[in-house]
S.K.: 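One structure is given below, represented as structure tokens, and several questions about it will come after.
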Amino acid sequence: MTADQPADLVLRGGRIPTIDAARSWASAVAVRNGRIVAVGPDPAVAAHVGANTRVIELRGRTVTPGFADAHVHAVTAGLARLRCDLSSVHGLGAYLEAIQAHALADREAPWIVGEGWSMSDFPGGIPSRVDLDRIVPDRPVYLESRDGHSAWVNTKALELAGVTAESQDPEDGRIDREADGTPGGGLQEGATSLVDRLVPAATARELDAALRLAQAYLHSLGITSWQDASVRPHVEEAAYVSLAARGDLTAKVVGAMKWDRTRGPEQIEDLDQRRAAMTIGRYRPTSVKLFMDGVLENHTGAMLDSYLDQSGKPTGNRGIAMIDQAVLMVAVPRLDALGFQPHFHTIGDRACREALDAVEAARRANGPSDTRPHIAHIQVIHPDDIGRFRQLGVTANAQPYWACHEDQQDQLTTPFLGPERASWQYPFRSLLDAGATLAMGSDWSVSTPDPMAEMEVAVNRIADYHRGERPVFLPDQRIGLMDALAAFTMGSAYVNHQDRDTGSIEVGKAADLAVFDRDLFDRGAGAIGETRCVGTFVDGVAVYEDPALEG
Ligand SMILES: [Zn+2]
């Protein structure tokens with residue numbers, strides 16, 4: 001017996017976690033006209049194979065639903081890769097080689113702009129202008145550090161910015177200096193803007209190229225949809241609209257329009273207009289990003305109790321709440337009433353509580369809604385607030401790659417929180433146990449966008465680059481691989497309001513699929529993070545294919 005119409009694509013002989021409600025397994029899937037028409041054991045798809053059906057023999061390899069990155073900065077990450085990208089090299093010699101190669105490749109560029117160097121590669125963490133001057137003396141150079149908190153510039157850039165021995169440090173930053181007071185080429189925090197404000201804005205062509213590059217890279221990792229976590233007019237928005245209008249946006253993208261914290265709730269009208277005007281093709285700007293606080297490493301994350309000093313005594317500093325709470329209590333209910341999704345950035349437990357309070361105010365004002373608010377990062381959550389995620393229908397948007405022992409955690413975070421609060425970090429298991437919906441994302445370019453590396457850390461709470469070297473970080477908060485996979489597919493699809501159409505492998509859904517080079521669930525096959533994507537499909541169309549897919 002054959003089906004009325006044969007499938008366009010059949011994948012069979014695999015290990016397929018379908019991520020349906022029963023968490024069932026299949027070995028084969030059939031696709032026609034971009035939709036899934038059959039899922040099950042191999043015999044269930046046999047009738048769908050016709051003369052023109054493309055058949056991929058999986059031979060025990062895994063197919064998952066397409067991954068959805070619930071918090072990523074695709075355009076700016078792509079831009080960083082187009083510019084002078086130092087994120088994959090280490091050490092002064094390698095940096096200089098990369099910078100020189102970049103400068104030679106584009107002799108016309110008025111500025112050399114890039115990012116990705118690490119403080120640990122310089123004595124005292126501070127780079128020198130002299131090294132840059134030797135290779136680029138005639139054009140200004142501006143290079144941001146990996147964490148975005150410092151910049152490395154050459155003499156030409158300092159000259160153009162008018163930064164001299166006489167210049168005062170700005171209130172919110174520091175100009176690193178040589179022995180005689182001459183600016184030395186390192187700029188810290190707010191001092192970076194002395195030069196950054198002169199760097200030419202990315203052109204429409206650059207933005208377009210940046211998004212194309214990011215999209216191709218994310219597809220190559222099995223990602224078929226995402227939420228851009230900070231969309232500004234003329235920057236990210238221009239890139240998405242440009243690609244979507246040409247039909248070149250192959251990913252399904254929700255944009256989180258950046259809330260301007262220098263303005264009040266009156267900006268909601270502008271957001272509403274942008275949502276109406278910029279919803280094109282696969283791009284939907286239906287979310288609003290509320291940047292609630294800073295980070296713990298420099299004590300700007302908003303905490304309920306104060307940070308400790310080196311000797312463990314309270315400092316009185318509770319970090320910075322970036323959005324006035326009175327504004328928030330008005331803005332979030334109004335956004336919710338207009339059908340906007342609030343997307344919060346919270347690091348500290350005070351920021352998290354204020355976000356939950358704002359959603360509670362929205363629920364009180366508007367009753368239940370389907371706006372699906374979510375809180376990203378959730379580094380520290382006070383235990384009293386864990387249960388509120390489920391109560392209020394707030395999704396926990398985890399960046400699991402950070403939940404491990406690494407230097408930033410062990411040296412710059414744990415000691416200043418003290419043991420009790422340090423144990424409240426990244427409480428993914430507690431959230432799941434309390435019935436919260438969990439989504440996952442990378443925060444790329446801050447961290448790798450590879451979901452396999454991220455899921456490895458969610459499961460083991462050990463960095464993939466420290467396998468076997470460091471202890472498990474808060475072992476009680478480990479989650480299973482199936483839970484991590486569900487968070488990265490159905491959980492993130494839910495956040496993006498795409499769960500009816502994608503996020504699981506079920507008949508009738510879009511054929512958004514990722515094929516991997518092994519059985520993901522077989523630990524004899526190596527670490528989770530070593531798993532490689534070999535093929536990615538959106539609506540049944542291949543958007544990434546490695547020769548190994550057929551091989
Ligand atoms: Zn982010």
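One-based numbering, in listed order, for ligands and for the atoms of each. All values derive from a computational prediction rather than experimental measurement.
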S.K.: With distance as the sole criterion, is a donor-acceptor pair present between the side chains of Gln188 and Asp176 under 3.5 Å?
M.R.: yes
S.K.: Using the salt bridge (Lys or Arg N to Asp or Glu O under 4.0 Å) rule, collect all pairs that involve residues 479-497, keeping only residues at least two apart or in two chains.
M.R.: Arg23-Asp483, Arg429-Asp483
S.K.: Could you enumerate the protein N, O or S atoms under 2.8 Å from the Zn ion (ligand 1), written like residue then atom name?
M.R.: His71 NE2, His73 NE2, Asp443 OD1
S.K.: Salt bridge (Lys or Arg N to Asp or Glu O under 4.0 Å): which pairs involve residues 385-396, sequence neighbours left out?
M.R.: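 Pairs touching residues 385-396 that pass the test: Arg353-Asp385, Asp357-Arg388, Glu360-Arg388, Asp385-Arg388.
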S.K.: Holding to ring pair (Phe, Tyr, Trp, His ring centres under 6.0 Å), I want the full list of residues that pass it with Tyr401, two or more places apart in sequence or in another chain.
M.R.: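 By the ring pair (Phe, Tyr, Trp, His ring centres under 6.0 Å) rule, Tyr401 matches no residue at all.
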S.K.: Using distance alone, with no hydrogens and no angle criterion, decide if His71 and His374 have a side-chain donor and acceptor under 3.5 Å apart.
M.R.: no
S.K.: Please determine whether side chain to side chain contact (heavy atoms under 4.5 Å, CB included) holds for the pair Met452 and Leu221, giving the CA-CA distance in whole Å, both sets of side-chain angles, and the decisive distance to 0.1 Å.
M.R.: CA-CA 8 Å; Met452 293 295 144; Leu221 298 170; over 6 Å; no
